[in-house]
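Down below is the structure, laid out as structure tokens.
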Amino acid sequence: MTEKQIESLYQDKSFHQLEKSLGVSFRSKSSLIQAFVHRSFLNEHPDFPLDNNERLEFLGDAILELLVTEHLFRQYHNAEGELTRWRAALVNTKTLSSVAEKFNFSKYLFLSRGEGSRSVSRSLMADTLEAFIGAAYLDQGMAAVQKFIEQHILILLPGIIESVSYLDAKSELQELIQAGGETSPTYRVLETQGPDHDKQFKVGVFLGQKMISSGTGHSKQAAEQMAAEQALKLLKKS
């Protein structure tokens with residue numbers, strides 16, 4: 001990819017505005033741009049000079065979980081179960097998408113015509129933020145990424161603790177079932193439908209080999225939450 005191509009993409013999407021709002025300047029503009037390239041865009045533009053953002057998302061997801069885990073371990077002396085729920089609340093789709101929306105990430109996305117014609121899903125926004133974290137790590141190093149996570153993600157923890165929003169449906173279901181002396185529930189994908197850029201997952205929640213409920217969503221995590229919510233309703237009625 002030539003410098004002229006990079007500069008053209010950088011200017012067309014006004015990435016300098018994003019860098020300004022984030023207070024960072026990428027040395028590798030191509031890494032920054034790639035973080036916003038969705039797979040669906042490449043299906044329509046196979047000659048596009050950059051790959052999609054999925055590998056960066058994979059990297060960013062691991063870095064985010066590591067830094068959040070280390071922060072919780074060093075700053076809090078709560079039990080493992082509580083720390084795990086706090087971490088889940090900090091790195092879930094709802095939290096990450098809210099941070100991405102704060103910086104108007106949807107403006108910079110490269111999407112297919114179909115994907116771009118509707119509102120960007122929370123799941124896609126959260127995935128893009130993870131890809132951005134991966135790109136920032138490669139370009140800026142761990143210290144810069146840690147600063148970003150502290151300023152924009154970890155800062156949300158006090159509100160999460162105060163509102164008890166970390167007690168999501170899956171956590172609540174597990175506690176309810178374990179309190180009754182049974183083993184933890186498990187989740188299995190029952191079926192998937194739709195194209196890669198707009199998949200619909202159906203997930204079942206099981207106690208042993210018995211399925212007690214199911215749920216659907218545009219990500220496995222969302223479907224699991226829906227299945228857990230349905231299970232809670234059934235168990236609380238019984």
Side-chain angles (χ1 to χ4, degrees), residues 13 18 32-44 50-68 84-137 145 148-149 152-153 156 160 165-171 173 187-205 213-230:
K13 285 280 191 177
L18 177 61
L32 172 61
I33 296 167
Q34 186 179 341
F36 292 86
V37 180
H38 190 255
R39 179 197 293 181
S40 66
F41 182 81
L42 297 186
N43 292 337
E44 295 181 355
L50 291 172
D51 198 359
N52 66 53
N53 64 3
E54 291 177 0
R55 284 170 52 83
L56 289 174
E57 178 194 337
F58 168 77
L59 177 62
D61 173 63
I63 292 167
L64 174 62
E65 183 154 333
L66 170 63
L67 291 177
V68 169
T84 299
R85 290 195 293 272
W86 290 357
R87 180 180 63 192
L90 283 166
V91 302
N92 67 19
T93 297
K94 180 180 178 182
T95 299
L96 298 186
S97 65
S98 70
V99 175
E101 288 164 5
K102 173 182 173 183
F103 293 105
N104 200 17
F105 269 26
S106 59
K107 172 184 175 182
Y108 305 96
L109 282 166
F110 292 85
L111 299 169
S112 66
R113 285 188 296 272
E115 194 74 33
S117 66
R118 50 182 173 263
S119 60
V120 179
S121 68
R122 280 183 170 181
S123 177
L124 199 159
M125 292 288 278
D127 291 346
T128 305
L129 180 64
E130 290 178 338
F132 170 79
I133 289 171
Y137 166 74
V145 172
F148 173 83
I149 291 172
H152 303 295
I153 298 176
L156 302 174
I160 288 171
S165 61
Y166 58 87
L167 285 175
D168 61 0
K170 287 180 65 178
S171 298
L173 177 63
Y187 297 83
R188 302 176 199 166
V189 176
L190 303 176
E191 61 181 73
T192 60
Q193 295 180 341
D196 286 342
H197 65 276
D198 191 27
K199 276 195 180 298
Q200 182 87 0
F201 295 86
K202 183 176 182 180
V203 170
V205 56
S213 70
S214 64
T216 59
H218 285 290
S219 68
K220 292 178 185 178
Q221 293 85 351
E224 288 173 357
Q225 285 291 337
M226 178 63 73
E229 289 174 9
Q230 296 302 317

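In terms of the side-chain hydrogen bond (donor to acceptor under 3.5 Å, both in side chains) criterion, Glu65 has no residue partners (sequence neighbours excluded). Listed by chain and residue number, nothing satisfies the salt bridge (Lys or Arg N to Asp or Glu O under 4.0 Å) test with Glu191 (two or more places apart in sequence, or in another chain). Scored by the side chain to side chain contact (heavy atoms under 4.5 Å, CB included) test, Gln221 finds Ser219 as partners (sequence neighbours excluded). Taking Glu229 as the reference, nothing meets the side-chain hydrogen bond (donor to acceptor under 3.5 Å, both in side chains) condition, with sequence neighbours excluded. Not a single side-chain hydrogen bond (donor to acceptor under 3.5 Å, both in side chains) links Gln34 to another residue, sequence neighbours left out. By the side-chain hydrogen bond (donor to acceptor under 3.5 Å, both in side chains) test, Lys170 pairs with Glu224, sequence neighbours left out. With sequence neighbours excluded, the residues that form a side chain to side chain contact (heavy atoms under 4.5 Å, CB included) with Val91 are Leu64, Val68.
Test Leu124, Thr128, Asp127 against His38 for side-chain contact (heavy atoms from CB on, under 4.5 Å) and you get one pass: Leu124.
Heavy-atom minimum distance, Ser214 versus Gln230: O-CG, 3.7 Å. What you find for Val145 and Ala136 is that their closest heavy atoms are CG2-C, 3.7 Å.
The side-chain heavy atoms of Leu190 and Phe201, taken from C-beta on, include no pair separated by under 4.5 Å.
Atom CZ of Phe36 sits in a crowded spot, with more than 12 heavy atoms from other residues, nucleotides or ligands closer than 6.0 Å.
Looking at Ser213, its side chain does come within 3.5 Å of a backbone N or O of Ala227 through a donor-acceptor pair.
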Requested in this report: May I have the step-by-step check of side-chain contact (heavy atoms from CB on, under 4.5 Å) for Ile33 and Lys13, ending in yes or no?
Outcome: CA-CA 9 Å; Ile33 296 167; Lys13 285 280 191 177; over 6 Å; no
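Taking CD1 of Ile153 as the start and CD1 of Ile133 as the end, the distance is 4.5 Å to the nearest 0.5 Å. Note that CE of Met226 is 13.0 Å distant from NZ of Lys202, once rounded to the nearest 0.5 Å. One finds the CG atom of Leu42 at 6.5 Å from the CG atom of Asp51 (value rounded to the nearest 0.5 Å). Taken from CG in Leu173 to CD in Gln225, the straight-line distance is 10.0 Å, to the nearest 0.5 Å. Separation of atoms CG (Leu129) and CG (Leu96) is listed at 5.5 Å; rounding is to 0.5 Å.
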Name each donor-acceptor pair under 3.5 Å that joins a side chain in residues 53-60 to protein atoms two or more places apart or in another chain, with its distance.
residue : atom : partner : partner atom : Å
Asn53   : ND2  : Ala35   : O            : 3.0
Glu54   : OE1  : Arg39   : NH2          : 3.1
Glu54   : OE2  : Arg39   : NE           : 2.8
Glu54   : OE2  : Arg39   : NH2          : 3.0

Distance-only criterion, 3.5 Å: show the donor-acceptor pairs between side-chain atoms of residues 97-111 and protein atoms not counting sequence neighbours.
residue : atom : partner : partner atom : Å
Ser97   : OG   : Thr93   : O            : 2.8
Ser97   : OG   : Lys94   : O            : 3.0
Ser98   : OG   : Thr95   : O            : 2.6
Lys102  : NZ   : His152  : ND1          : 3.1
Lys107  : NZ   : Gln17   : OE1          : 2.4
Tyr108  : OH   : Leu18   : N            : 3.4

